[in-house]
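Data block below; observations after.
From a predicted model like this one, the values you see are computed outputs, not experimental measurements. Side chains included, hydrogens not; waters and symmetry mates left out as well; all remaining heavy atoms used.
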Amino acid sequence: MPDFFYDGKTAAPVSGTLVPQETGLLFRSETLPEGKNTFHFSYTQIQSLEKLGNEYRLQLDDRQETQNDLIFTFDSPQKAKLIQTYRKKAFSNDFKGILSRFLLLPAFPQILVAGILAVGIGYLILTKLDRLYVIVPESADRSLGEMISKQFEANYSECKNVELSQSVKKIRNTIVSPKKRDRYSIRILKSEDVNAFALPGGTIYILSGLLEESESPEEVAAILAHEIAHVENRHGIRQMIRLLGISLVVKLAIGIGFDDIGTLETITEIVNTLTILRYSREFEEEADGEAFETLKKSGVGLGGFVNFFEREEAKLGKKVPQSGKKKAEEQKEWDAAKILDWFSTHPDNQSRIQKAKDFSKGMKAKQRGIRIDRWKTIRENCS
């Protein structure tokens, strides 16, 4: 079976053979004319390599067009293993080359450069360490999300009602551009809790309790827009970096997956590492701000956002706080509620409502709604 190359400019792929070589990737087309049928790529262009079913998907950045991505698909596990091996070696060689050139410098420039690097790294560690997420491939987000989802789905059953799923999919399609829709997999889980949350990589869970609580599709759109913003800004992997530090960045940047990180012995440890952190106020405000923009561009508006949180705020005073604390040893066990709490801790509702109202002042008075007939009936059909 041939390999396929998508150049990002046309929808039709080019068939041929992808050959991993120690010096780089070579692709020979079977259909293009001689002289124009051979392409060369560097391993440093690789953004992600992932397995989708029986097929592998390799994504590279296009150095000629910054807004374009190059994609290869193939079905050979041996080829995938070679690509991973050569990529790690290329990263190592590049680092050694830079180090060798640095050591050839006179003593004073060495001291100067080393001092600047030390100050810069120290500043990042103390203040903006999570900014280093830009050198971590997005495949790391997907891997982390998949690991958490397996643990999480073991604790919940999924709603299988087709009409409900299609309705939520329509809401997603209203606020997400066609190019990005497939990135976000929406799953509805059976639970009385009023919540929704997004895992790194793009899987978004909506609990049936939230759908039953919603009065309109626009309210669900507001929640989805917020969770999508967390994924777009890679807040999950940035939280991991803030906790685990520079070593995690280096390991993920050179292609070592979560399964191979020695300091995290099991998936449960990774999940429990996440549960001790909540999204920072900075991340939450960033997600709200981008959600407002998304709702504005889609034409849905912020009415659903304001209505939902004003209603929830009114109910907060009526809730009786739970008494008692879990024992320390129980905190070490896997608890789906803990990970849900970590992914869905948000700023106070009053502040969010006011910011949404302020943002709405500059928008058109009339916004288009999301028409779903019988929403108040459909929202309760989790079966």
Side-chain angles (χ1 to χ4, degrees), residues 52-53 141-142 144-176 178 180-232 236 267 271 274-275 279 287 291 294-295 298 300 304-305 307-309 311-312 315 319 334-346 369-383:
L52 303 173
D141 298 59
R142 289 188 286 273
L144 178 58
E146 287 169 6
M147 291 168 64
I148 297 172
S149 68
K150 289 175 184 176
Q151 292 277 33
F152 199 89
E153 289 178 13
N155 293 268
Y156 289 92
S157 58
E158 187 171 1
C159 298
K160 299 295 184 181
N161 185 280
V162 175
E163 187 177 23
L164 180 61
S165 298
Q166 290 299 321
S167 297
V168 173
K169 187 175 180 180
K170 181 178 180 179
I171 296 172
R172 179 204 66 180
N173 292 350
T174 303
I175 63 172
V176 179
K180 292 186 176 182
R181 285 173 187 168
D182 290 342
R183 181 179 181 182
Y184 297 102
S185 172
I186 313 293
R187 299 181 187 177
I188 306 169
L189 303 179
K190 293 182 181 180
S191 173
E192 294 180 357
D193 293 332
V194 179
N195 228 324
F197 53 98
L199 298 185
T203 299
I204 298 176
Y205 292 105
I206 300 179
L207 302 189
S208 58
L210 184 143
L211 296 178
E212 292 174 14
E213 181 76 8
S214 67
E215 294 293 331
S216 68
E218 291 77 19
E219 293 185 3
V220 178
I223 304 299
L224 280 179
H226 177 91
E227 300 305 330
I228 286 170
H230 279 311
V231 178
E232 289 288 326
I267 293 176
V271 172
L274 287 174
T275 63
Y279 279 141
T294 297
L295 295 168
S298 66
V300 173
F305 188 101
N307 291 342
F308 182 87
F309 285 106
R311 195 167 62 251
E312 292 306 302
K315 292 179 181 179
K319 290 186 177 180
W334 162 256
D335 184 350
K338 290 195 301 179
I339 192 70
L340 183 148
D341 182 59
W342 181 79
F343 276 110
S344 57
T345 300
H346 300 113
I370 304 173
R371 183 173 178 180
I372 297 178
D373 296 332
R374 302 185 305 106
W375 171 252
K376 291 187 178 181
T377 301
I378 294 171
R379 66 183 182 178
E380 298 177 354
N381 291 338
C382 179
S383 58

By salt bridge (charged side-chain N to carboxylate O under 4.0 Å, His left out) - contacts of Lys160 (at least two apart): Glu158

Taking all non-hydrogen atoms of both residues into account, name the closest pair between [X] and [Y] and its distance.
{"X": "Ile378", "Y": "Asp373", "value": "CD1-O, 3.2 Å"}
{"X": "Arg172", "Y": "Arg181", "value": "NH1-O, 3.1 Å"}
{"X": "Ala221", "Y": "Ile370", "value": "CB-CD1, 3.8 Å"}
{"X": "Val300", "Y": "Thr174", "value": "CG2-CG2, 3.7 Å"}
{"X": "Ala198", "Y": "Ile204", "value": "CB-CG1, 3.8 Å"}
{"X": "Arg311", "Y": "Glu213", "value": "NH2-O, 3.0 Å"}

Measure the spacing between [atom1] of [X] and [atom2] of [Y] and express it to the nearest 0.5 Å.
{"X": "Leu199", "Y": "Arg187", "atom1": "CG", "atom2": "CZ", "result": "8.5 Å"}
{"X": "Phe309", "Y": "Glu219", "atom1": "CZ", "atom2": "CD", "result": "9.5 Å"}
{"X": "Cys159", "Y": "Leu211", "atom1": "SG", "atom2": "CG", "result": "7.5 Å"}
{"X": "Phe308", "Y": "Ser214", "atom1": "CZ", "atom2": "OG", "result": "7.5 Å"}
{"X": "Asn381", "Y": "Asn161", "atom1": "CG", "atom2": "CG", "result": "5.0 Å"}
{"X": "Ser167", "Y": "Ile372", "atom1": "OG", "atom2": "CD1", "result": "4.5 Å"}

Side chain Lys170, main chain Arg371, donor-acceptor under 3.5 Å: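 Looks like yes, one N/O pair under 3.5 Å.
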
Going by heavy atoms in the side chains, are [X] and [Y] under 4.5 Å from each other?
{"X": "Glu312", "Y": "Val194", "answer": "yes"}
{"X": "Ile206", "Y": "Leu224", "answer": "yes"}
{"X": "Ile223", "Y": "Phe197", "answer": "no"}
{"X": "Ile175", "Y": "Ile228", "answer": "yes"}
{"X": "Glu218", "Y": "Asn307", "answer": "no"}

Mutual orientation of the aromatic rings belonging to His230 and His226 [parallel < 30°, tilted 30-60°, perpendicular > 60°]: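 Perpendicular.
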
Step-by-step side-chain contact (heavy atoms from CB on, under 4.5 Å) determination, Glu215 to Arg379: CA-CA 9 Å; Glu215 294 293 331; Arg379 66 183 182 178; 4.2 Å; yes

Over 12 non-hydrogen atoms of neighbours within 6.0 angstrom of CD in Glu192: no

